[in-house]
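Take a look at the structure below.
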Amino acid sequence: MAVKNVLEAIRATMFEEMERDERVFLLGQDVGRHGGVMNASMGLYDAFGEERVVDTPLAESSIVGIAIGAALGGLLPIAEIQFGDFVLSAVDQIISEAAKMRYRSNNDFHCPIVVRVPYGGGIHGGLYHSQNVESIFFSTPGLKIVAPTTPADVKGLLRAAIYDPDPVIFMEHKLAYRSIKGEFPEGAYDLPIGKADVKRVGKDLTVIAYGMMMHYALGAAEQLAEEGIETEVIDLCTLLPLDRETLVASAKKTGKVMVVHEDNLTGGIGAEVAASITEEAFMYLDAPIKRVAAPDIPSTPYNPILERAMIPTQEQILIGMRELARF
Amino acid sequence: MAVKNVLEAIRATMFEEMERDERVFLLGQDVGRHGGVMNASMGLYDAFGEERVVDTPLAESSIVGIAIGAALGGLLPIAEIQFGDFVLSAVDQIISEAAKMRYRSNNDFHCPIVVRVPYGGGIHGGLYHSQNVESIFFSTPGLKIVAPTTPADVKGLLRAAIYDPDPVIFMEHKLAYRSIKGEFPEGAYDLPIGKADVKRVGKDLTVIAYGMMMHYALGAAEQLAEEGIETEVIDLCTLLPLDRETLVASAKKTGKVMVVHEDNLTGGIGAEVAASITEEAFMYLDAPIKRVAAPDIPSTPYNPILERAMIPTQEQILIGMRELARF
Amino acid sequence: MATKRHIELGLSDQDILDMYKTMVVARAVDDRADILVRSGKIPFTVLGQGQEGAQVAAAQTLVAGRDWVLPYYRDVGVVLAMGMSLREVMLFEFGKADDPNSGGRQMPKHWGHRRLRIVSQSSPVATELPHACGLAWAMRLKKEEGIVWASFGDGVVSKGDFHEALNFAGIHKLPIVFFCENNYYAISVPFSKQSPVPSVADRASAYGMPGVSVDGNDVFAVYKASLEAAERAKRGEGSTLIEARTYRFAPHTSNDDDRRYRSREEVEKWKRLDPIARLFAYLKEHGLLDEERAAAIRSDAEKEVLEAAQWAERAPDPDPASVGAYVYAQEGDAHGR
Amino acid sequence: MATKRHIELGLSDQDILDMYKTMVVARAVDDRADILVRSGKIPFTVLGQGQEGAQVAAAQTLVAGRDWVLPYYRDVGVVLAMGMSLREVMLFEFGKADDPNSGGRQMPKHWGHRRLRIVSQSSPVATELPHACGLAWAMRLKKEEGIVWASFGDGVVSKGDFHEALNFAGIHKLPIVFFCENNYYAISVPFSKQSPVPSVADRASAYGMPGVSVDGNDVFAVYKASLEAAERAKRGEGSTLIEARTYRFAPHTSNDDDRRYRSREEVEKWKRLDPIARLFAYLKEHGLLDEERAAAIRSDAEKEVLEAAQWAERAPDPDPASVGAYVYAQEGDAHGR
Ligand SMILES: Cc1ncc(C[n+]2csc(CCOP(=O)(O)OP(=O)(O)O)c2C)c(N)n1
Ligand SMILES: Cc1ncc(C[n+]2csc(CCOP(=O)(O)OP(=O)(O)O)c2C)c(N)n1
Ligand SMILES: [Mg+2]
Ligand SMILES: [Mg+2]
């Protein structure tokens, strides 16, 4: 198996599926000749031409809206939003249109689009190139939200997203693009949307995370193992629909749960994770579910010192885990 | 004190403040000669003229964007969104601009706007005239969200919202407009944004709600009282910032907490309420925090039978309270 | 006696009589819907009386099942012309389980019918216009024949999505007809507070496409402009923006009171321009119709509509247990059609 | 010898020399910022070399502290002309605590400076254009003098907010100058894939306002159009949309590689139209400047810029504990200014 980073995995997967199924096409800003500001589509324009790798005008609402229309017309569109922060002008198309198409038409129409959303901080992006926008969509039934952060998970879930009959927000952590490498499975490799993945088995406590925080949690778990504490690390992989089953099972096993996200605390996905587990595993919990998240600040500032002060670190996660383990 | 319904309270409060402070003005669709499709601005156009009661084009992003600009220019705008469902095309202006103005300018600029958002189901509004959009904004620091549902609370919090130096989403439950009546305090009556209100004192369990559900909870509490169970009913009034202190204090007192909302369950404000209380009052809880909410469906259907099947009822709340009390 | 405009335009006597009938039936549907609300049989409806001429004439240039049609909530004339049955329309008015548009989930007249290629419409306006571009893109990639037709009101022109859609359609010369039924009000907001320019057609030049403004109550003017636009689209020359100047006789919806913002004189003035009456005068002038047969057409229409309404009223409501169905695909749902 | 265009336009010799100097200083700022990135002293910047002529000429028609100015991220020339100091600009490049624009919170060049009435700008484009309308509305209600000036790139014209803002400005004849610096690319997307019409000025007629397209590297053409637009606005005749045709010499940002989408020939062609060189030629022709004094102006500018950069580099960073400050108002914050 070849080793790729997350960005290469996204590119290779789009390439493979566009070769395999001509209904698949990509649209977005600079995705064509340029290859995308993240370089996610490098080479696609030359391989598939300007009608399947579409450089759109600077207009996100229409990027998603055109994708929706193309999906209704029988294509399988991948809409690239250049930075997740800019998906906000497409919220109406995503929530009013894509998420409700099947329901409102009583199953007569459906909307198989993928909206690729590069998100997350730690890249000196400042307030508008760092946001975690997932919680804005998390309360919308009809949407699916996936956030894989290993090259293999990216392949399995991007393929699943492309062929999923319903709209999928595909979250890509920008810091993971180059920093996270791993094996890239060949050929038809699929993962189910809606399943969390136990990335590390442990008996003493459970840490639930996604995105870069999941990798930090894995690192912290190794550190804690040296202290004789075995942490189970669960990668949500899919945020919506939430895989409550896997989370609750682990909580019942360890009795101590921590949820971590880079998004700010209030109204973050950690709230639903904590509430859901507590509802179903209350009697098994030795401690309240602990949340580690960014402070309630509008977004991540540009200055590196402020940026570091904003984003949860592996150290913070480790300290939280230790406290929880000792509870 | 005069008795008014919620709609009359909104109208009277806007009238009083526009008379008192000429920086206050209203903009939105049909707010002028028509008086608003909800009739919230009836009479304002004749009293204050077309420059302070502005009929805008059909364009929500600009309605909020113009309000932001006017606020930067020294006015105190009230932007009316005709139906909360249509605020979705203004999400970018609200989250990217209004919520971040103070933070991004390091306190050099601020954004004192009010966005009035009629929301909620039960009015045969179908999928797009019924939504509970609060959870979309709930994860955005820099915003305030208030949702009063008595005429007195409406006056106190609308006044507070108008003069608040930061952006406030003012949620108005459409079903409360005419169905909820009460005393309307004269003169300078203010309530603090960020404080929950204990609408009913009880020792056996706590029910936390807002909007119409708060009224149903009060009704259910009276029913339950006949069974000798005393329920404390807390009206959140402000959703963001969340008044954790009041909620936790009540939870510690009763040890049994239920949170109710009309919004769908997953990612709703109930998740944060449950997670926050559990974090701080875990040892005091006799039972997991119970959530009563709409099922995870994109929005409320039009057919009355489906509509009834969607929206939580007082009966459901009562049953849930009984279960919890017996836990 | 004047030349026969319908013949000049390639419409047979039968065509123009059928168009007349469809207009009359559309009118009867809304008249009935109005009664249904007033009598408390349904909670709500939207009415399009006065706009049937523009609707039916435009739809006459479309091919059901080939062209993608995105009609708006006043377009009873359009959906009837595309083949939606009166029973289907009435099932929607009553929000019944078998309503093919939404199974009773949407407010009446938010059309959608896959077999007829009528695309499911939401309430937020303008969001459908980028969909029209995407549908046209799909037709291009799939090398399908046909065009995309989207209608909307004058207020919709103010929305960002209108701009983004027409911009994209203009850049890529997509085969779309953008059809604006300008009735000069967006609920109460008059066109003068909605638009800085006197005609919606004045917007077209910004998108590098022709803008045509026609008397929307003149079926021939609308048909001619629509036909030219459709042919232009099929020739690969791109989109056209058509403004059909018309008027709604009724309030905005059954919840609205238009006396707050429109003078009765203005309404009366427009009623004298009723497209149905105008077409009748033409048909009579050319000996294609007389009062008696027109009366028969009207009463037949009313009978059919009433029958459909009574049938729909008795039709089953949705099962409350179905409220959770179709949030996501279930096993066996068709995909990627 | 040709007539003196600056005199015709009411600019004194001193005015035009000052404009030249500001352009040179703006150029020096971006040249230095480029070096700061390459030498790893700052992580990122945006460069506007080539657009200084349009920027400084437009700003020359504005009054600091009276007019509301909404400049975009390439507008070093604008903010300098409005009175932002080199030290303030460099504090922003370094993201330092005393940066008056954002206290180091925003990426460089997302301007904002209340005292100068430079309105805080975000990254998402076009969102500021409705703000311009709101500011104009506030001026109208408060009976303030002055106008609102907003600049943006050619890509921004595609956004819904552009449309919604110009539509509202057109309806209410607001005193706004919409100034588009068309450099023919939105990152890599060429104007031909951004716009169905050859000029941004072609969009104006849809909003009932004049559209003027000028050579953006000709300071006199830009000044003349901007002055006329500002005076029109002050006369209460409404907004104007100006397209200044120009070019960015540098890549989109310090992260971009423009060789992927622009030929070197094209870049060289435009460099021969450098607005600074062109203004120098004019000033020399009219005996207002010679090579020697121009060289001195350039080296003085470089010295001042370098001094400001070195000073800013030593300036304190924000206190990490301040990360949570100013999410909401605190006691004693000014309100409703
Ligand atoms: C985005 C959005 N905002 C507001 C509304 C509420 N609304 C429904 S119809 C309407 C007026 C539409 O006017 P126009 O486009 O002229 O069409 P008409 O109803 O006159 O035929 C409004 C404001 C809506 N449906 N969508
Ligand atoms: C809404 C939004 N989408 C995408 C971006 C990313 N982006 C930053 S600048 C830019 C191109 C802007 O081009 P143009 O308007 O022509 O201005 P220029 O940079 O050429 O001066 C893009 C796409 C953004 N800032 N905002
Ligand atoms: Mg209209
Ligand atoms: Mg550009």
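Order of the sequence lines fixes the chain letters, A, B, ..., with proteins taken first and strands second; residue numbering starts at 1 for each chain.
- Residues from residues 67-79 of chain C that place a non-hydrogen atom less than 4.5 Å from a non-hydrogen atom of chain A comprise C:Trp68, given in numerical order.
- Taking a 6.0 Å sphere around CD of C:Glu145, one finds it holds 12 or fewer heavy atoms contributed by other residues, nucleotides or ligands.
- The distance from the CD atom of C:Glu164 to the CD1 atom of A:Ile63 is 8.0 Å, given to the nearest 0.5 Å.
- Other residues, nucleotides and ligands contribute more than 12 heavy atoms inside 6.0 Å of the CZ atom of A:Arg244.
- The number of heavy-atom neighbours closer than 6.0 Å to CD of A:Glu50, taken from other residues, nucleotides and ligands shown, is 12 or below.
- For chain A, the nearby parts of C:Leu135 are the backbone and the side chain; heavy atoms of each come within less than 4.5 Å.
- Interatomic distance, CD of C:Gln330 versus CZ of A:Arg102, reported as 7.5 Å (0.5 Å rounding).
- A donor-acceptor pair is defined here as one N or O able to donate and one able to accept, closer than 3.5 Å; such a pair exists between the side chain of A:Arg104 and the backbone of C:Ser120.
- Around the CD atom of A:Glu22, the shell of radius 6.0 Å holds no more than 12 heavy atoms that belong to other residues, nucleotides or ligands.
- The shortest non-hydrogen separation linking C:Phe168 to A:Pro57 is CD1-CD, 3.6 Å.
- Interatomic distance, C:Tyr328 OH to A:Ile193 CD1, rounded to the nearest 0.5 Å: 10.5 Å.
- Residue C:Ala136: no heavy atom, backbone or side chain, is found under 4.5 Å from chain A.
- Across all their heavy atoms, A:Phe109 and C:Ile118 have their closest contact at CZ-O, 3.2 Å.
- At least one side-chain heavy atom of A:Glu97 sits under 4.5 Å from a side-chain heavy atom of C:Pro124.
- Residue C:Ala169 does not touch chain A at all, counting heavy-atom pairs closer than 4.5 Å.
- The contact between C:Asp333 and chain A is made entirely by side chain atoms (from C-beta outward), counting heavy-atom distances below 4.5 Å.
- For the atom pair A:Ser61 OG and C:Leu129 CG, the distance stands at 10.5 Å (nearest 0.5 Å).
- If you take CG on A:Asn106 and OG on C:Ser322, they are separated by 7.5 Å, rounding to the nearest 0.5 Å.
- Taking the side chain as every heavy atom from C-beta outward, C:Trp137 and A:Val54 approach each other to under 4.5 Å.
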Show me the donor-acceptor pairs within less than 3.5 Å that the side chains of residues 137-148 of chain A make with the rest of the protein, sequence neighbours left out.
| from | atom 1 | to | atom 2 | distance (Å) |
| --- | --- | --- | --- | --- |
| A:Ser139 | OG | B:Ser135 | OG | 3.0 |
| A:Lys144 | NZ | A:Asp164 | OD1 | 3.3 |
| A:Lys144 | NZ | A:Asp164 | OD2 | 2.8 |

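- Near-neighbour residues of residues 148-162 of chain C relative to chain A, defined by a heavy atom under 4.5 Å from a heavy atom of that chain, comprise C:Asp161.
- Evaluation of the salt bridge (charged side-chain N to carboxylate O under 4.0 Å, His left out) rule for C:Arg87 yields C:Glu307 as partners, not counting sequence neighbours.
- Taking OG from C:Ser122 and CG from A:Asp92, the interatomic distance works out to 7.5 Å, rounded to the nearest 0.5 Å.
- C:Pro100 touches chain A through its backbone: at least one of N, CA, C or O sits under 4.5 Å from a heavy atom, while the side chain does not.
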